[in-house]
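Below is one structure, written out as structure tokens, with a few remarks after it.
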Amino acid sequence: MHPGSEEYKDSEKYELKVRDWKAADKEHRTLAPYIKRLNELRRDHTALQTLGDVVFHATDSPHIIAYSKSDRDDTVLVICTLDSHNTQSTTLHLNMSELGFDWNDRLIAHNLITDTTWTWHNDVHIELNPFDSVAHIVTLRRAP
């Protein structure tokens, strides 16, 4: 123990853990592909490369957070559950003017994680199951 500290010399945090990364990958028990995809998105979208220009969008649930980031012509919307144990749903109220749209515009929302596309309006029903997808990372464009 270090003098004046509650840390113990044999603390678990100092133990070397042997992990079978290949088995974890084979059994789909690894976050590596998801983290790789997040890093690709950050690299591909200039809006995700800076700390500024964050706009929060209202949700009806305290368990889901939504925000967008913009950089010139690149805008990314992130909707994320804060509950790692339960499926959560909410109505997302998009701040259309902050996103560069009119309040009555229909939007094409493209999920960059799942490659799913939806048609949205300014109020959107969202459901997130943390065992399936903890977040939607979305680009938006005006529907034709």
Side-chain angles (χ1 to χ4, degrees), residues 2 4-8 11-144:
H2 302 290
S5 150
E6 293 185 20
E7 295 235 9
Y8 294 96
S11 172
E12 184 179 291
K13 80 178 196 181
Y14 297 112
E15 290 180 14
L16 206 53
K17 303 265 184 189
V18 177
R19 306 214 191 272
D20 188 347
W21 296 110
K22 289 181 182 176
D25 191 37
K26 188 176 181 178
E27 297 166 9
H28 304 288
R29 294 184 294 115
T30 175
L31 290 174
Y34 191 74
I35 292 170
K36 178 182 177 189
R37 182 65 182 136
L38 293 178
N39 284 330
E40 290 169 353
L41 294 176
R42 195 180 72 223
R43 191 173 33 254
D44 294 345
H45 291 274
T46 56
L48 298 175
Q49 296 171 9
T50 61
L51 296 176
D53 298 321
V54 175
V55 174
F56 287 92
H57 301 268
T59 67
D60 292 341
S61 169
H63 303 290
I64 294 180
I65 189 170
Y67 64 90
S68 59
K69 292 184 53 71
S70 295
D71 180 44
R72 293 182 293 274
D73 295 328
D74 185 34
T75 299
V76 176
L77 174 68
V78 177
I79 308 145
C80 186
T81 181
L82 303 175
D83 182 347
S84 61
H85 301 289
N86 303 294
T87 298
Q88 294 291 333
S89 61
T90 191
T91 298
L92 167 64
H93 307 282
L94 294 172
N95 186 331
M96 299 291 273
S97 61
E98 286 287 344
L99 292 167
F101 300 110
D102 294 327
W103 285 101
N104 58 350
D105 282 344
R106 285 182 335 128
L107 304 175
I108 302 298
H110 180 241
N111 188 326
L112 299 169
I113 298 290
T114 62
D115 199 30
T116 306
T117 301
W118 306 284
T119 302
W120 285 358
H121 294 277
N122 61 318
D123 292 330
V124 184
H125 176 77
I126 300 290
E127 185 172 288
L128 291 169
N129 176 340
F131 301 103
D132 180 41
S133 179
V134 297
H136 294 317
I137 301 176
V138 176
T139 57
L140 300 169
R141 64 182 169 83
R142 193 172 277 111

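When a residue number appears, it is its place in the shown sequence, counting from 1.
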Any heavy-atom pair between the side chains of [Y] and [X] that's under 4.5 Å?
X	Y	answer
F56	I65	yes
P130	D83	no
I64	I79	yes
L77	L140	yes
N104	N122	no
Y67	V76	no

Tell me whether the count of non-hydrogen atoms from other residues, nucleotides or ligands lying under 6.0 Å of CH2 in W21 goes above 12.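 No, the 6.0 Å shell around CH2 holds no more than 12 heavy atoms from other groups.
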
Answer yes or no: does atom OH of Y34 have more than 12 heavy-atom neighbours from other residues, nucleotides or ligands under 6.0 Å?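 Correct, the count exceeds 12.
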
Closest non-hydrogen atom pair between [X] and [Y], with its separation:
X	Y	answer
I108	P144	CG1-CD, 4.5 Å
S61	T59	O-OG1, 2.9 Å
P62	L82	O-CD1, 3.7 Å
A109	V138	CB-CG1, 3.6 Å
T81	L128	N-CD1, 3.4 Å
H45	D74	ND1-OD1, 2.9 Å

Working to the nearest 0.5 angstrom, can you tell me the gap between [X] [atom1] and [Y] [atom2]?
X	Y	atom1	atom2	value
K22	T30	NZ	OG1	14.0 Å
S68	D53	OG	CG	9.5 Å
H85	H63	NE2	NE2	12.0 Å

Is a side-chain N or O of [X] found less than 3.5 angstrom from the main chain of [Y], in a donor-acceptor match?
X	Y	result
Q49	R42	yes
T90	D60	yes
D20	A23	yes
K69	T50	yes

One pair to check against side chain to side chain donor-acceptor pair (under 3.5 Å): D71 and T46. What are the steps and the verdict? CA-CA 6 Å; D71 180 44; T46 56; 2.8 Å; yes

T139 vs L112, test: side chain to side chain contact (heavy atoms under 4.5 Å, CB included). Steps then yes/no. CA-CA 7 Å; T139 57; L112 299 169; 3.7 Å; yes

Assess, by modelled atom type and distance only, whether the side chains of H57 and N95 contain a donor and an acceptor separated by less than 3.5 Å.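 Short answer, no.
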
Go through it in stages, so that I can follow the logic: the residues are V124 and L94, the test is side chain to side chain contact (heavy atoms under 4.5 Å, CB included), and I'd like the CA-CA distance, side-chain angles, deciding distance and then a yes or no. CA-CA 8 Å; V124 184; L94 294 172; 4.2 Å; yes

Could you give me the CA-CA distance, side-chain angles and deciding distance for L107 and M96, then say whether side chain to side chain contact (heavy atoms under 4.5 Å, CB included) is met? CA-CA 10 Å; L107 304 175; M96 299 291 273; 3.8 Å; yes

Using 4.0 Å as the upper bound for N to carboxylate O, is an ion pair formed by E15 and K17?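 Yes, K17 and E15 are salt-bridged.
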
Identify whether the distance between the nearest side-chain nitrogen and carboxylate oxygen of D105 and R142 falls below 4.0 Å.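 Answer for the salt bridge query: yes.
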
Could you check S89 against I126 for side chain to side chain contact (heavy atoms under 4.5 Å, CB included), going step by step and ending with a plain yes or no? CA-CA 5 Å; S89 61; I126 300 290; over 6 Å; no

Under the criterion side chain to side chain donor-acceptor pair (under 3.5 Å), I'd like the reasoning laid out for T75 against S70: C-alpha separation, chi angles, the key distance, then a yes or no. CA-CA 4 Å; T75 299; S70 295; 2.9 Å; yes

Test: ring pair (Phe, Tyr, Trp, His ring centres under 6.0 Å). Region: residues 121-144. Which pairs qualify, not counting sequence neighbours?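 Sorted pair list: W118-H136.
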
